[in-house]
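Structure first, commentary second.
Below, chain A is the first sequence line, B the second, and so on; all start at residue 1.
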2 protein chains.
Amino acid sequence: MNKPTNLDVCEKHCLHLDRVEQVRGGMLDDRVAEGLAEIFGLLGDRTRVRILHALSLGELCVCDISAVLGTTSSAVSHQLRLLRTAKLIKSRKEGKNVFYTLDDEHVRQLFAQGLDHVLER
Amino acid sequence: MNKPTNLDVCEKHCLHLDRVEQVRGGMLDDRVAEGLAEIFGLLGDRTRVRILHALSLGELCVCDISAVLGTTSSAVSHQLRLLRTAKLIKSRKEGKNVFYTLDDEHVRQLFAQGLDHVLER
DNA sequence: TATTCATATGAACATGTACTCACTTGTTTG
DNA sequence: CAAACAAGTGAGTACATGTTCATATGAATA
């Protein structure tokens, strides 16, 4: 039936219907696209980038991280929660302190690749 | 002199002063951290992820992209501008149409690595 | 030339988000 | 037990950002 999908745009005038069909077939699953955006979004913040990089240099407690970054431990704690929820970091409790480490080899690689991009331009 | 930097937090009670010093020495340059956050932030949006993935499958004009995504060409155009400014994509004009392609091998790799992460979890 | 169309863009609006502040929790230590 | 402290959290706020809408621009076509 070719029931019109939600394409009020360029439905009749679009140039490459064949190409569009082909690309549409190869498109990412919506959940995957969402997941990608999520992980990249988490890396897309200056504070979180610095936290992750600091942790890539070694295990640190919240207090240490905030000292390294020069921000409040509250702000750091909020960001750590996001990273922890996304399983990018993991925590270890020791007395009053909670120590964080990277929990994802992918992230380390993404980080390295991102650095490549930034440094080579 | 050890002039106190802007550390109102944990200045006295922080556990691992040695570790903090060490990590602080290895920290990223601020511009680099900013650049990293910028590139990742650009990838951290569902619409842009889908645009980039569509372009990874082949050259497309604005109209085609909006058809594939099912969004307005205006919204797409706005996002394309961001990606173009960041040199992640490049454009080629042909008559009334403007065709876009990926302009960065790094991005292709980042994308693949991000996919790994999302799919393997 | 007038019209149609693809693309771009600015303003307005709505939503998301990162920080601060106040407070709580749980642990150590005096 | 009480005080001190590290860490977590909810509310509020300021700012960033993605979309829509209206419009502009520039090219093809009637």
Side-chain angles (χ1 to χ4, degrees), chain A residues 6-17 19-20 33-34 37-38 40-52 59-86 89-100, chain B residues 6-17 20 33-34 37-38 40-51 59-86 89-100:
Chain A
N6 50 348
L7 299 179
D8 311 330
V9 194
C10 282
E11 206 168 54
K12 301 162 191 166
H13 311 289
C14 199
L15 274 199
H16 305 84
L17 273 181
R19 203 180 290 187
V20 168
E34 192 66 56
E38 213 165 278
F40 283 128
L42 273 168
L43 295 172
D45 174 79
R46 188 172 167 279
T47 301
R48 287 192 293 269
V49 161
R50 290 164 78 220
I51 289 176
L52 290 172
E59 187 185 55
L60 292 171
C61 71
V62 177
C63 206
D64 292 339
I65 298 173
S66 61
V68 169
L69 302 197
T71 53
T72 67
S73 57
S74 176
V76 169
S77 207
H78 278 295
Q79 300 306 333
L80 286 174
R81 192 168 63 80
L82 295 179
L83 296 171
R84 193 172 0 106
T85 301
I89 61 178
K90 68 182 168 197
S91 59
R92 174 179 72 82
K93 197 167 184 180
E94 185 180 316
K96 277 188 295 189
N97 297 294
V98 177
F99 291 90
Y100 283 90
Chain B
N6 50 347
L7 299 179
D8 311 329
V9 192
C10 281
E11 206 167 53
K12 301 162 189 167
H13 311 290
C14 202
L15 275 199
H16 306 84
L17 272 182
V20 168
E34 193 65 55
E38 213 165 280
F40 283 128
L42 234 42
L43 295 172
D45 173 78
R46 188 173 167 280
T47 302
R48 287 191 293 269
V49 160
R50 291 164 78 220
I51 289 176
E59 187 185 55
L60 292 170
C61 71
V62 177
C63 207
D64 292 339
I65 298 173
S66 60
V68 169
L69 302 196
T71 53
T72 67
S73 58
S74 176
V76 169
S77 205
H78 277 295
Q79 300 305 335
L80 287 173
R81 192 168 61 80
L82 295 179
L83 296 171
R84 192 171 2 105
T85 301
I89 61 179
K90 68 182 168 196
S91 60
R92 174 178 72 81
K93 197 166 183 179
E94 183 181 318
K96 277 188 294 189
N97 297 295
V98 177
F99 291 90
Y100 283 90

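Within the model, atoms CD1 of B:I89 and CG of B:L80 stand 4.5 Å from one another, a figure rounded to the nearest 0.5 Å. Between B:D64 atom CG and B:N97 atom CG the span is 7.5 Å, to the nearest 0.5 Å. If you take OG on A:S73 and NE2 on A:H78, they are separated by 10.0 Å, rounding to the nearest 0.5 Å. To the nearest 0.5 Å, atom CZ of residue B:R81 and atom OG of residue B:S91 are 13.0 Å apart. In this structure, A:L83 CG and A:L52 CG are separated by 5.0 Å, a value rounded to the nearest 0.5 Å.
Taking atom CG of B:D45 as the reference point, atom P of D:dA16 lies 17 Å away to the nearest angstrom. As a whole-Å value, the separation of B:L69 CG from C:dT7 C1' is 16 Å. Across the protein-nucleic acid pair, B:R84 atom CZ and C:dT9 atom P stand 6 Å apart, rounded to whole Å. The interatomic distance linking A:F99 (CZ) with D:dA6 (C1') rounds to 11 Å, in whole Å. One atom, CG of B:L83, and another, C1' of D:dT17, lie 14 Å apart when rounded to the nearest Å. The distance between atom CZ of A:R46 and atom P of D:dC15, rounded to the nearest whole Å, is 17 Å. Rounded to whole angstrom, the span from the CG atom of A:N97 across to the P atom of C:dT27 amounts to 13 Å. Atom CG in B:D64 sits about 10 Å away from atom P in C:dA6, given to the nearest Å.
Using a distance-only test at 3.5 Å, with no hydrogens or angles considered, no donor-acceptor pair links the side chain of A:R92 to the main chain of A:Y100.
Of the residues near DNA chain C, A:G95 and A:G41, the one whose nearest nucleotide (by heavy atom distance) lies more toward the 5' end is A:G41.
Among the nucleotides C:dT20, D:dG8, C:dT28, the one closest to the side chain of A:K96 is C:dT28.
Between D:dG18 and B:R48, a contact under 4.0 Å exists linking OP1 or OP2 to a side-chain N or O. In this structure, B:Q79 does not reach the D:dT17 phosphate: none of its side-chain N or O atoms is under 4.0 Å from OP1 or OP2.
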Could you go through nucleotides 10-14 of chain C and list every protein N or O atom that sits under 3.5 Å from one of its N or O atoms, giving the distance for each pair?
{"from": "C:dG10", "atom 1": "O6", "to": "B:H78", "atom 2": "NE2", "distance (Å)": "2.9"}

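Ring geometry for A:F40 against B:F40 counts as parallel: the plane angle stays under 30°, on a 0 to 90° scale with 60° as the upper cut.
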Considering only distance and modelled atom types, tabulate donor-acceptor pairs under 3.5 Å from the side chains of residues 42-49 of chain A, sequence neighbours left out.
{"from": "A:D45", "atom 1": "OD2", "to": "A:T47", "atom 2": "N", "distance (Å)": "3.1"}
{"from": "A:D45", "atom 1": "OD2", "to": "A:R48", "atom 2": "N", "distance (Å)": "3.0"}
{"from": "A:R46", "atom 1": "NE", "to": "B:E34", "atom 2": "OE1", "distance (Å)": "3.3"}
{"from": "A:R46", "atom 1": "NH2", "to": "B:D30", "atom 2": "OD1", "distance (Å)": "3.4"}
{"from": "A:R46", "atom 1": "NH2", "to": "B:D30", "atom 2": "OD2", "distance (Å)": "3.0"}
{"from": "A:R48", "atom 1": "NE", "to": "A:L42", "atom 2": "O", "distance (Å)": "2.7"}
{"from": "A:R48", "atom 1": "NH1", "to": "A:Q79", "atom 2": "OE1", "distance (Å)": "2.6"}
{"from": "A:R48", "atom 1": "NH2", "to": "A:G41", "atom 2": "O", "distance (Å)": "3.4"}

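Each end of the helix from C:dT1-D:dA30 to C:dG30-D:dC1 gets its own axis, taken as the rotation carrying the C1' atoms of four end pairs onto the next four within a five-pair window, and the two axes meet at 10° to the nearest 10 degrees.
Among the heavy atoms of the strands lying under 4.0 Å from A:Y100 are primed sugar atoms or P, OP1, OP2 only; no base atom is included.
Between B:C63 and B:S66, the closest heavy-atom pair is O-OG, 2.8 Å.
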